[in-house]
2 protein chains.
Amino acid sequence: MLAYSRCMADLFKALADSTRRIIMDELAQRDGQTLFEICGRLAMIHELAMSRQAVSQHLAVLEEAGLVISRREGRYKLHHLDTAPLREIAERWPQTHTNDQGTNQ
Amino acid sequence: MLAYSRCMADLFKALADSTRRIIMDELAQRDGQTLFEICGRLAMIHELAMSRQAVSQHLAVLEEAGLVISRREGRYKLHHLDTAPLREIAERWPQTHTNDQGTNQ
DNA sequence: AGAATAGGCAAGCATCCACTTGCCTGTCAA
DNA sequence: TTGACAGGCAAGTGGATGCTTGCCTATTCT
């Protein structure tokens, strides 16, 4: 029905890597970045020195999971975040009543 | 501050495996199961023939992530689900405005 | 006490996955 | 048109991880 939900496995697998989660943070903060921009900001801001190809593969995984959507713009490829698939997570497991909210003991 | 949030990496790593997600489904449906019960229901309902030790290791990962809490009861160890850590996911990435909701084209 | 039941510890193995390296394609500016 | 820039494809590698196997501890029932 929806384009982004190929299967839930892809979603969780995409979220499993910390670098990919940081890339999602980056895109949440500044939308429509190119591969090179993301590479640069990972290195600068997050001190993640990583080959361009590694980041490209991460973006492919995120896109496969529907968490990132990309569009070509000339020789640039702009990426932006889509958090819609995340809603499936909250919907899958009903909220549990843990009473360690107020009782700090 | 909270016992369950050792770090976010554990949470996502725990969710990354499909067997663990099914275990969570099982616990969501019937709370307080023992290791042997979970083994049995994985085999019966989900047709997942798997050694007891494998399930035990999965439960350990889920517990490490704070998604499962266990308590000893004699020679039994009862497990129950805690979905509270899942809230961190939704909170981390703000909701994006994707307009491919109605436009099915 | 002794057998049965519920679970734990640790080593070994096979697969998966993140990352690199090398080379290729496509787009833009001088 | 040629070089610089943005990105893609594919093979190789080291480390993480899911699962098994074998043995051990603790609790309960007869």
Side-chain angles (χ1 to χ4, degrees), chain A residues 6-27 30 32-44 46-65 67-80, chain B residues 6-24 26-27 30-44 46-65 67-80:
Chain A
R6 327 213 175 281
C7 62
M8 250 186 156
D10 288 335
L11 172 61
F12 289 105
K13 195 151 61 65
L15 289 169
D17 185 81
S18 70
T19 302
R20 282 195 286 270
R21 295 195 297 271
I22 294 178
I23 290 177
M24 289 175 66
D25 291 337
E26 260 312 311
L27 289 179
R30 175 193 270 222
Q33 294 187 62
T34 68
L35 173 58
F36 274 68
E37 280 182 279
I38 297 172
C39 277
R41 303 193 67 175
L42 283 184
M44 291 294 114
H46 303 274
E47 292 176 348
L48 275 177
M50 183 171 297
S51 78
R52 172 184 57 85
Q53 199 56 348
V55 179
S56 175
Q57 285 165 1
H58 281 310
L59 285 170
V61 173
L62 287 170
E63 200 164 358
E64 177 74 23
L67 289 166
V68 161
I69 298 176
S70 67
R71 66 176 202 280
R72 270 274 175 187
E73 191 111 342
R75 65 173 154 174
Y76 301 103
K77 192 181 180 188
L78 308 180
H79 303 81
H80 79 90
Chain B
R6 329 213 174 281
C7 63
M8 251 188 155
D10 288 335
L11 172 61
F12 289 105
K13 198 152 59 64
L15 289 169
D17 185 82
S18 71
T19 302
R20 283 195 286 270
R21 295 195 296 273
I22 294 179
I23 291 177
M24 288 175 65
E26 260 312 310
L27 290 178
R30 174 194 270 220
D31 202 53
Q33 294 187 62
T34 68
L35 172 59
F36 273 69
E37 279 181 281
I38 297 172
C39 276
R41 303 193 67 175
L42 283 184
M44 291 295 112
H46 303 274
E47 292 177 350
L48 275 177
M50 182 172 299
S51 78
R52 173 184 55 86
Q53 199 56 335
V55 178
S56 175
Q57 284 164 4
H58 281 309
L59 284 170
V61 173
L62 287 170
E63 200 162 0
E64 176 73 22
L67 288 166
V68 161
I69 298 177
S70 67
R71 66 175 204 280
R72 269 274 176 187
E73 193 111 341
R75 66 173 153 173
Y76 301 103
K77 191 180 180 189
L78 308 180
H79 302 82
H80 78 91

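So you know, we letter chains A, B, ... as the sequences are listed, proteins then strands, and number each from 1.
In this structure, the nucleotide among D:dT20, D:dG18, C:dC17 sitting nearest to the side chain of A:Lys13 is C:dC17. Here the nucleotide nearest the side chain of B:His58, chosen from D:dA6, D:dG18, C:dC19, is D:dG18. Picking from D:dG8, C:dG8, D:dA4 the nucleotide with the shortest atom distance to the side chain of A:Arg75 gives D:dA4. Closest to the B:Phe36 side chain, of the nucleotides C:dC17, C:dC19, C:dA6, is C:dA6. Residue B:Ser56 has its side chain nearest to C:dG8 when only C:dC19, D:dA6, C:dG8 are considered. Picking from D:dC19, D:dT28, C:dG22 the nucleotide with the shortest atom distance to the side chain of A:Gln53 gives C:dG22.
Heavy-atom nearest nucleotides on DNA chain C were determined for B:Gln57 and for B:Leu78, and the one closer to the 5' end corresponds to B:Leu78. Ranked by how close their nearest DNA chain D nucleotide is to the 5' end, A:Lys77 and B:Asp17 are led by A:Lys77. Remark on DNA chain C: of its neighbouring residues A:Glu73 and A:Arg20, the 5'-side contact belongs to A:Arg20, judged by nearest-heavy-atom nucleotide.
Of all non-hydrogen atoms in B:Arg21 and B:Leu15, the two that sit nearest each other are NH1-O, 2.8 Å. Across all non-hydrogen atoms, the minimal contact from B:Glu63 to B:Ser70 is OE2-OG, 2.5 Å. Nearest approach of A:Leu67 to A:Ala14, heavy atoms of both residues: CD1-CB, 4.2 Å.
Atom-to-atom, CZ of A:Arg52 to P of D:dA4 comes out at 17 Å; the value is rounded to the nearest Å. Straight-line distance from the CD atom of A:Gln33 to the C1' atom of D:dG7: 16 Å, rounded to whole Å. Across the protein-nucleic acid pair, A:Leu62 atom CG and C:dA18 atom C1' stand 13 Å apart, rounded to whole Å. A straight line from CD of A:Glu64 to C1' of C:dC17 spans 15 Å, rounded to a whole angstrom. In this structure, B:Arg21 places its CZ atom 11 Å from P of D:dG18, rounding to the nearest Å. Across the protein-nucleic acid pair, B:Leu59 atom CG and D:dC19 atom C1' stand 14 Å apart, rounded to whole Å. In this structure, the OH atom of B:Tyr76 is 16 Å from the P atom of C:dA4, given to the nearest Å. Rounded to a whole Å, the CG atom of A:Leu15 is 14 Å from the P atom of C:dC17.
Note that CE of A:Met50 and CD1 of A:Ile23 are 7.5 Å apart. Values are rounded to the nearest 0.5 Å.
The base of D:dG7 does not come close enough to the side chain of A:Arg72 for any donor and acceptor atom to sit less than 3.5 Å apart.
Residue contacts shown for A:Ser51 include a base, since a base heavy atom lies under 4.0 Å away.
Ion pair A:Lys13/A:Glu64 not flagged as a salt bridge, since none of the NZ, NE, NH1 or NH2 atoms sits closer than 4.0 Å to an Asp/Glu carboxylate oxygen.
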